[in-house]
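Letters A, B, ... are given to chains in the order of the sequence lines, protein chains preceding strands, and every chain is numbered from 1. Just so you know, these numbers come straight off a predicted model, no measurement behind them.
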Protein chains: 2
Amino acid sequence: MIRVLLADDERLIRQAIAMLLGLEADIEVVAQVGRGDLVAPAVREHEPDVLVLDVEMPGMDGLSVAESMPGRAMLILTSFGRPGYLRRALAAGVRGFVPKDASAEELARAIRKVHAGGRYLDPEMAAAAMTAGDNPLTERERDALALAAKGASVAQIAASLHLTEGTVRNYLSNAISKLGAGNRITAIRAAQDMGWI
Amino acid sequence: MIRVLLADDERLIRQAIAMLLGLEADIEVVAQVGRGDLVAPAVREHEPDVLVLDVEMPGMDGLSVAESMPGRAMLILTSFGRPGYLRRALAAGVRGFVPKDASAEELARAIRKVHAGGRYLDPEMAAAAMTAGDNPLTERERDALALAAKGASVAQIAASLHLTEGTVRNYLSNAISKLGAGNRITAIRAAQDMGWI
DNA sequence: CCTTCCGGATGACATCTGTCATATCGCCGG
DNA sequence: CCGGCGATATGACAGATGTCATCCGGAAGG
C-alpha cells in the first residue's frame, strides 16, 4: 500500500482527487492538508510514502515545501506548466511533475513510479521546459522585477535593495530586454508565465 | 435524476468532481467538456438540467458561456472569489455560485437548489461582493486599463480606442485613483483581483 | 427652461521610466 | 600575470506616464 499525503488549497479538488486515488487498489490517501505550512506537521504525524503537492497554496507554496524536505518521495501537481516550476522542482529533488490536466490514471502511474524511486515528468511539460531554456535573469534582475511586479516604483525598489535608482532602472531595463518585452508590464507577465519570479 | 453538464479545463479536476457527484443518488453527470466553446454543442446533444461552469477555461470563459445561454439552470464553480465575477454571473441569470474550496456536499446542495429553481450563493463570496461594492470604473476606463494590463503603451491604447494619448492618460489616471493604486501596475492588479477587467 | 452634475475629452506640465555609455570588481582561462 | 568576460553599479538623457485645470454635451432635477 502506498501511503500518500495530498496538499492542495481547494477542498473540492482535494476531496475529489483523494476519492479518485482511493479507487486505486494500491494507493491510500492518509492525510490531506490545505496549506503549505501544514505539510511538515502532517508528514511527521502520518509518515506518508509519497507527497503530492500543489504549487499554488497559501502559507507556503509547494515548491518551497519540496525544498524544505529533501530526500522524500514527492510529486508536484500544478495547473500551470511553467518551465521555471519544473526546474525548481527537479533541483529540490522532486521526481514527479504532473499537470492538473492529466488523467487520474496518469497521476496514479506517476505516484507509483515516484514511490518506486523512479521519475515521472509529464512529456509536454518537459518539452516546454526544454524549449524555454534556462532563466536568463540574474539574481538582482529577478529581485528588482519581482518587486516591480508587486507594483513598487523604482524609488521603492531602490530602497528595498539598497541600490541607487539608476541601478534599479538598469536592472529592469536588462530584464525587459532579456525577456523580449517592451516595458515592465510585459516583462512581468513574461517572467511570471515562465515561473521565473 | 438531475442531469448535469460539467465544464472545466483541467481533466483531473473534471474527472474527480464527476466522480464525487456520481456518488450522489440523485445526480448524474451526463456530459463533460474542457473548453467553453464546446458547452453549447454538448448542451444541444445531451440536454442537461444543470450546467456547472468553471470561469477559467480556454475557448470561451464560463461567464461568457453563461451570458450566451439565458434561461438555463447554471452554476459557476471558480477558484477565484472575485466580486466582479459574481455580479456578472448574477446579471447573466446564473443562480448558483460556488468556490472550488467548497465541500462536495456544498456543491451537491447548490446543484439541487439551482435545479429546483432556487439560488445558492456561497456565503463568504456573497459577503465579499457586498463589501467590495460595485465596479467604480467607467466603460472607457475599463477598456483602457484592460489594454494596459496586456502591456500596451498609452500610444497603442490610444490607437486601439481611437482617442488621443492625453485622454488615455486621463482614463488611466482616473482608474488608478479610483482603485486607490499608485501606478498602473497596482491598478491592474487591483482591478483583476476584483474581477473588474 | 435653466441649472447642476457627471462622463467623456483635451493639452500642458512635472515626474517617472527605459536606454545608453561607462566604470568597477571578481573570476576564469591562457 | 594579464586579458576578457559577466555581474554589478552609476548618472545623463529622451521618451513615456500620471496629474491637473479645463471644456463639452447629455441626463436629472428644480
Using a heavy-atom cut-off of 4.0 Å across all strands, would you classify [X] as base, sugar-phosphate, or nothing?
| X | value |
| --- | --- |
| B:Thr167 | base |
| A:Thr138 | sugar-phosphate |
| A:Arg169 | base |
| B:Ser153 | sugar-phosphate |

| query | If you count the non-hydrogen atoms of other residues, nucleotides and ligands that lie under 6.0 Å from CD in A:Glu124, is the total more than 12? | reply |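 Count not over threshold, so no.
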| Out of curiosity, B:Arg82 CZ to B:Ile197 CD1, how far, rounded to the nearest 0.5 Å? |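 Rounded to the nearest 0.5 Å, the CZ-CD1 separation comes to 9.5 Å.
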| Check ion pair A:Asp54-A:Lys100 (N to O, under 4.0 angstrom) |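 Here A:Asp54 pairs with A:Lys100 in a salt bridge, since their nearest N and O are under 4.0 Å apart.
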| Salt-bridge present (B:Arg11, A:Glu106; N to O < 4.0 Å) |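 Salt bridge: no.
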| task | Can you see which heavy atom on A:Gly151 is nearest to which on B:Asn183, and at what distance? | result |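 Minimum heavy-atom contact is O-ND2, 2.9 Å.
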| query | Which pair of heavy atoms, one from A:Ala104 and one from A:Leu20, lies closest together, and at what distance? | reply |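 The answer is CB-CD1, 3.7 Å.
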[N] [atom2] sits how many Å from [X] [atom1], rounded?
| X | N | atom1 | atom2 | answer |
| --- | --- | --- | --- | --- |
| A:Leu137 | D:dT8 | CG | P | 11 Å |
| B:Leu145 | D:dT17 | CG | C1' | 14 Å |
| A:Glu165 | C:dG18 | CD | P | 13 Å |
| A:Asn183 | D:dG18 | CG | P | 11 Å |
| B:Asn135 | C:dG7 | CG | P | 12 Å |
| B:Ile157 | D:dA16 | CD1 | C1' | 12 Å |
| B:Asn174 | D:dA21 | CG | P | 13 Å |

| field | Nucleotide nearest A:Ile176 when distance is taken to its side chain, options C:dG18, C:dT17, C:dG8 | value |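 The listed nucleotide nearest to A:Ile176's side chain is C:dG18.
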| task | Output the single nucleotide from C:dG11, C:dG18, D:dT19 whose closest atom is nearest the side chain of B:Thr164. | result |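 Out of C:dG11, C:dG18, D:dT19, the nucleotide with an atom closest to B:Thr164's side chain is C:dG11.
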| Where each residue is assigned the nucleotide of DNA chain C containing its nearest heavy atom, which of B:Gly166 and B:Glu141 is assigned the position nearer the 5′ end? |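 Its nucleotide being nearer the 5' end, the pick is B:Glu141.
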| request: Starting from the first five and the last five pairs of the helix from C:dC1-D:dG30 to C:dG30-D:dC1, work out the angle between the resulting helix axes, to 10 degrees. | output: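 Terminal axis comparison yields 30°.
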| Are side-chain N/O atoms of B:Ser177 and B:Asn174 paired as donor and acceptor at under 3.5 Å? |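 B:Asn174 and B:Ser177 do not have a side-chain donor-acceptor pair below 3.5 Å.
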| message | For a quick check under 3.5 Å, do B:Ser79 and A:Glu10 share a side-chain donor-acceptor pair by atom type? | response |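 Yes - a donor-acceptor pair under 3.5 Å links their side chains.
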| request: Check step by step if side-chain hydrogen bond (donor to acceptor under 3.5 Å, both in side chains) holds for B:Asn170 and B:Thr167. | output: CA-CA 5 Å; B:Asn170 202 202; B:Thr167 304; over 6 Å; no
| Minimum side-chain heavy-atom gap A:His46-A:Leu5 below 4.5 Å |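 Result no, sub-4.5 Å side-chain heavy-atom pair not found.
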| query | Does anything in residues 184-197 of chain B reach DNA chain D, meaning a heavy atom under 4.0 Å, and if so which residues? | reply |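 Close to the strand are B:Arg184.
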| request: May I ask you to verify if any side-chain N or O of B:Tyr171 is less than 4.0 angstrom from the OP1 or OP2 atom of C:dA9? | output: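 Result: yes.
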